[in-house]
Amino acid sequence: MPNSRPRPRRGAGSGAGAPGRDELVSRSLQSAEHCLGSQDFGTAYAHYLLVLSLAPELKDYVKETFQYTLFRWAEELDALSRTQDLLGCYEQALELFPDDEVICNSMGEHLFRMGFRDEAAGYFHKAVKLNPDFNDAKENFYRVANWLVERWHFIMLNDTKRNTIYNAAIQKAVCSGSKSVLDIGAGTGILSMFARKAGAHSVYACELSKTMYELACDVVAANEMEEGIKLLHMKSLDIKIPKHIPERVSLVVTETVDAGLFGEGIVESLIHAWEHLLLQPKTKGENGDCEKYGKVIPASAVIFGIAVECAEIRRHHRVGVKDVAGISLPTNVKFQSPAYSSVDGEETIEPYTTEKMSRVPGGYLALTECFEIMTVDFNNLQELKSLATKKPDKIGVPVIKEGVLDAIVVWFVLQLDDEHSLSTSPSEETCWEQAVYPVHDLADYWIKLGDEVIMEVSCQDCYLRIQSISVFHSEHEMEVGKSFTRNKDLLSFGNEAELCSALANLQTSKPDVVEQLCVLESTEIALLNNIPYHEGFKMAMKKVLSSLTPEKLGQAMDTQCQNNEMSYESGPSNSDQSTPEPLYVLDVSEGFSVLPVIAGTLGQVKPYSSVEKDQHRATLDIICEANHFPKDTLEFWLRHVEDESAVLQRPKSDKLWSIIILDVIEPSGLIQQEIMEKAAISRCLLQSGGKIFPQYVLMFGLLVESQTLMEESAVQGAERTLGFNIAPFINQFQVPVRVFLDLASLPCIPLSKPVELLRLDLMTPYLNTSNREVKVRICKSGQVTAIPFWYHMYLDDEIRLDTSSEASHWKQAAVVLDNPIQVEMGDELVLSIQHHKSNVSITIKQ
């Protein structure tokens, strides 16, 4: 029982009704404890509520047991989807214990699972404030902070050039007479404060995010502008006159643009603004007071593009291998990343990804000159309206350098007015990333001088779409989607029979072969392209399985090598009784994985996959069939598990696993949540001689000086924001660890050599330590601003996977220091490493 202390005696003089109340309290406590014993948590919780309402002085006595009861009852309510009852219980609990960090944190966890991130963050933040050493709450807050205040807020606020140019354009407009201003998508409110400081009489700012709205309220108040700026927690599309603002405004300022310009809905919001919130625009040649007319900052934009060769983009968006550790990938399986745009697709898919092209690992090669894609006038309502309905424009761009066509990279120039502009070009020092449109479905991606890259461009579903990318070769043939080759002389055939024959020859696949589309995340495609990863697992699995059944596996492997093209015997055996029991292999790694298929080639093995998506399961079935696996060799484990939250179970009631494959590292570069708990369960499910993969992990790090990491993690003072006090408020949402880094291309100066920071042993837990100190010698003078880290995953003592290698599908992460530390060559610093659950904290001991 969580609480076994003796019950306190209530003193006399508690009032006339004290004896009866004491009796009721005593009986309720007894009933609560009885209900706990029988696991009737709902009734126990009700009894504790009664006790605390009658005798609040017993709070300290029952607190621990009350928490336990609340959490167990909440689990039951959650399982029953009784959301309102669950939230009601927590609200009651927090009325009784408003300063209890454990209850606050638990409430936040439930809210986050329900999708209420803003609200969850509030509870996590409160829990951390109540107890700054409460690790669970800190971990939760750091994870949710990335959702609530996206990292680009810090980068943009640190971009002094961007802030200065926006300030100048707004100041010019206000001084010209635009005295009433609406800031759409206000964020921290910096553009509103520019307008107010420039002399605008009335400023309105709308922000949809609850977290950002509350942050903007604090920022505006701290800068003593709350009287002149009215903040609205709503979408601009929902603003009504005079309900929310008294009249139409003369100026709209906004930066609701993404790397592809249109992705944050700027077109829709400006159409609505011109129709409902802005004064009419000034016509050409018309003179008069600007206060009587409406205008928008930015005034217009020009979108540019370039065709590039880039191996890093290629390996994340195209499967470039035909064979994975001996497993053939059939041609009728079509792998695709989500960042593509289908002409006939009904689902709205973001048709691009984003990259900081100046920092992409391995760089890129321009295959064409920069070309203009589209211009848009934000001060022209009719042009904005026509964007969504306009037919795609066809663009042809000459090739100036031979290479592999991997992507179309897009950026824009934002013309704030006729004098001030901002460019997001990869050649500019800018806070912006570029939009990347990976090229798919070409028979040959090699292009050469004299060829022409053809594409269709449009603005549909709030996105800039670049579709139907093809190549018109100098030999007058065009490569189009699905390897379709169109001959210019096709229509010159003399008769219908010849035409039909020619069309028949254009077919690229047999009619009875069904093409399977398999959409994978970019990290899953990079994993499929990671040859050392799959070869390493194959070798490690073969070793373990050989040690368990050496003769059988050796024979099976010989047969496999000699008869690679032959089908396995799939009919029923005449000697079923003599068939040996298979060895069981479970892969519970996240996402799409072919490791169970590879395991199936290693002899008498029964592999299980834990993939969840039907599309992925269908793809694995086709791969098994193409590799002549007997039917049902590969099984999908989640079909055998009643409770998906308890994936780690025995394969059968009387059997154990030979190998369990766990995902230890997230693609972001962090340790997977609850991995040590999963390892503990896995060890209990292994047969004698069985292994968990990886068996252990070593974490490495080094000290670096990186201004980039500082600027991407926190606003660096008021100078960056032109004197406005923003940093202390938004920096509440800074997190100590930056994820999804490419260490190979990160702008930084190494100040030490790599050192081993931590060992996580999944097979031998007594080798793990939760606290460790590591001495690091400085090899170059400078300022330590961050500690990047990565991992070596050991499948066994000889086979190692490096998460920082060129082929790695993993990214790296870095701890960013709050305050840089000046060091000299020869100095020695001591790092304190603490491992709590899935979180590793690294601090420098002064």
Side-chain angles (χ1 to χ4, degrees), residues 259-262 301-318 320 337 339-341 343 351-376 391-414 421 423-428 430 432-459 463-486 488 745:
L261 187 65
F262 302 127
V302 186
I303 307 173
F304 297 95
I306 196 167
V308 302
E309 174 183 311
C310 180
E312 184 72 4
I313 292 173
R314 186 189 316 143
R315 77 183 186 95
H316 278 86
H317 295 280
R318 286 208 302 269
S337 73
Y340 79 100
S341 182
V343 177
Y352 49 83
T353 182
T354 63
E355 290 282 353
K356 188 84 166 174
M357 293 303 294
S358 61
R359 277 167 50 184
V360 71
Y364 66 95
L365 176 67
L367 303 178
T368 66
E369 298 280 9
C370 160
F371 58 91
E372 186 176 307
I373 292 175
M374 184 187 297
T375 62
V376 57
K391 289 184 177 179
D393 288 328
K394 183 169 278 190
I395 295 177
V397 187
V399 174
I400 62 166
K401 192 178 283 285
E402 66 177 24
V404 180
L405 177 59
D406 291 316
I408 307 297
V409 174
V410 168
W411 68 93
F412 54 86
V413 172
L414 212 54
S421 64
S423 172
T424 68
S425 164
S427 62
E428 294 276 340
T430 174
W432 286 89
E433 293 183 326
Q434 291 75 45
V436 174
Y437 294 77
V439 177
H440 293 278
D441 296 338
L442 296 186
D444 184 6
Y445 292 90
W446 182 261
I447 59 176
K448 57 189 178 302
L449 198 66
D451 292 348
E452 192 174 24
V453 179
I454 312 291
M455 68 201 79
E456 293 181 353
V457 300
S458 61
C459 174
Y463 291 117
L464 174 68
R465 296 194 175 273
I466 298 181
Q467 301 169 320
S468 305
I469 300 171
S470 58
V471 179
F472 189 78
H473 291 295
S474 51
E475 291 84 6
H476 307 298
E477 289 186 347
M478 184 178 289
E479 297 288 354
V480 297
K482 297 184 181 178
S483 309
F484 181 93
T485 304
R486 187 180 68 191
K488 289 181 71 178
S745 59

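- Contact record, V308 with L367: C-CD1, 3.9 Å, taken as the closest heavy-atom pair.
- Residues E355 and V409 form no side-chain contact, since every pair of their non-hydrogen atoms from C-beta on lies 4.5 Å or further apart.
- Take E369 and apply the side-chain contact (heavy atoms from CB on, under 4.5 Å) test, not counting sequence neighbours, and it matches I400.
- M374 places none of its side-chain heavy atoms less than 4.5 Å from the side chain of D393.
- For F262, there are no ring-ring contact (aromatic ring centres under 6.0 Å, His included) partners at least two apart in sequence or on another chain.
- Between atom OG1 of residue T353 and atom CD1 of residue I313 there is a gap of 8.5 Å, rounded to the nearest 0.5 Å.
- Counting only distance, with no hydrogens or angles, the side chain of D406 and the backbone of R314 share no donor-acceptor pair below 3.5 Å.
- Atoms CD1 and CD1, on I395 and I466 in that order, are 7.5 Å from each other to the nearest 0.5 Å.
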Show the numbers, then the answer: is there a side chain to side chain contact (heavy atoms under 4.5 Å, CB included) between I373 and M455?
-> CA-CA 10 Å; I373 292 175; M455 68 201 79; 5.7 Å; no

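- Side-chain atoms of H473 and K448, non-hydrogen and from C-beta on, do get closer than 4.5 Å to each other.
- Residues D451 and V471 meet the side-chain proximity criterion, which asks for heavy atoms closer than 4.5 Å.
- To the nearest 0.5 angstrom, L365 atom CG is 6.0 Å from K401 atom NZ.
- Note: K394 NZ to S468 OG = 7.5 Å, rounded to the nearest 0.5 Å.
- Residues S427 and W411 have side chains not in contact (no heavy-atom distance under 4.5 Å, counting atoms from C-beta outward).
- The backbone N or O of P392 lies less than 3.5 Å from no partner atom in the side chain of E456, so there is not a single donor-acceptor pair.
- Considering only heavy atoms from C-beta on, I306 stays 4.5 Å or farther from M357 through its side chain.
- Heavy atoms only, all atoms of each residue included: Y445 and V439 are closest at CE2-O, 3.7 Å.
- The two residues G363 and C310 make their nearest non-hydrogen contact at O-SG, 3.6 Å.
- Summarising the geometry of E428 relative to S423, their closest heavy-atom pair is CG-OG, 3.6 Å, with the distance given to 0.1 Å.
- Atom-to-atom distance recorded for F371:CZ and F304:CZ is 11.0 Å, nearest 0.5 angstrom.
- Among residues two or more places apart in sequence or in another chain, the side-chain contact (heavy atoms from CB on, under 4.5 Å) test is passed with A435 by A259, Y352, V410, Y437.
- Nearest heavy atom pair, residue H316 against residue E312, reads ND1-O, 3.0 Å.
- When all heavy atoms of H317 and H440 are compared, the pair lying nearest together is O-CE1, 3.1 Å.
- At least one donor-acceptor pair under 3.5 Å links the side chain of T368 to the backbone N or O of A307.
- A 4.5 Å side-chain heavy-atom check between Q467 and S458 finds at least one atom pair inside the cut-off.
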